[in-house]
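What follows is a short report on a single structure.
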Amino acid sequence: VFGYIGVLSSGARNIGPAFEKQLEAVKAGGVRLYYVGCGLKDTGAMERSKDLIAVVNKHGIKNILKETPGAHTWFTWRILLSDFGTLFFK
């Protein structure tokens, strides 16, 4: 369970050398999956989520970008959390 990271409707605001160094530490720590989910109508967060996935890919970390209908709401997060939970509670 502790090898999974879930980011919902956020992405990353400041991708730079310090953030990339943190990602390398996450990778070295043995992260199994970096899950990023966002509602398609949550435009700012969706853009940041795609940027985050790009940098996670760059560092060779296994990841999923889950896009779902909706915006920055609890309804959207319920869908994403349910999807994310099925990945590490197998």
Side-chain angles (χ1 to χ4, degrees):
V1 172
F2 298 108
Y4 295 77
I5 296 172
V7 179
L8 307 181
S9 292
S10 177
R13 293 184 186 268
N14 299 311
I15 297 175
F19 183 77
E20 294 201 39
K21 185 176 180 181
Q22 290 173 343
L23 276 180
E24 281 301 313
V26 165
K27 183 179 177 181
V31 68
R32 294 181 185 180
L33 179 68
Y34 207 112
Y35 179 97
V36 179
C38 193
L40 292 168
K41 293 181 181 177
D42 196 351
T43 54
M46 180 56 77
E47 183 179 321
R48 290 188 306 272
S49 294
K50 289 179 178 180
D51 292 344
L52 175 58
I53 285 295
V55 74
V56 168
N57 274 328
K58 176 181 166 185
H59 288 270
I61 299 171
K62 182 179 175 184
N63 63 79
I64 292 175
L65 174 60
K66 177 73 172 190
E67 299 173 345
T68 187
H72 202 79
T73 64
W74 283 108
F75 181 76
T76 299
W77 302 328
R78 279 183 45 196
I79 294 168
L80 295 171
L81 188 56
S82 175
D83 182 59
F84 180 48
T86 62
L87 300 173
F88 61 86
F89 284 121
K90 288 184 178 184

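Computation of the quantities below employed the complete heavy-atom set of this structure, encompassing side-chain atoms and omitting hydrogens, waters and symmetry-equivalent molecules.
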Taking only distance into account, with no hydrogens and no angle test, what donor-acceptor pairs under 3.5 Å do side-chain atoms of residues 36-53 form with protein atoms, sequence neighbours excluded?
residue: Asp42; atom: OD2; partner: His72; partner atom: ND1; Å: 2.6
residue: Arg48; atom: NE; partner: Ser10; partner atom: O; Å: 3.1
residue: Arg48; atom: NH1; partner: Gly44; partner atom: O; Å: 3.3
residue: Ser49; atom: OG; partner: Ala45; partner atom: O; Å: 2.8

Checklist outcome for this item: Closest heavy-atom pair, Leu23 versus Ile61, reported as atoms and distance to 0.1 Å, is O-CD1, 3.8 Å
Checklist entry - Does Thr73 have any side chain to side chain contact (heavy atoms under 4.5 Å, CB included) partners at least two apart in sequence or in another chain, and if so, which? => result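 Ala71, Phe75, Thr76.
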Checklist entry - Can you list every ring pair (Phe, Tyr, Trp, His ring centres under 6.0 Å) pair that touches residues 20-69, not counting sequence neighbours? => result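 Output for this query lists Tyr35-Phe84.
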Next on the checklist: Quick check on the hydrophobic clustering: are Tyr4 and Ile79 connected, directly or via other members, by side-chain heavy-atom contacts under 4.5 Å?
Outcome noted: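 Different hydrophobic clusters.
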Checklist entry - Taking atom CD1 of Ile64 and atom CG of Leu33, what is their separation to the nearest 0.5 Å? => result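 It is 4.5 Å, given to the nearest 0.5 Å.
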Item to check | Contact check, side chains of Thr68 and Asp83, non-hydrogen atoms, under 4.5 Å | outcome: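 Counting from C-beta outward, Thr68 and Asp83 never come under 4.5 Å.
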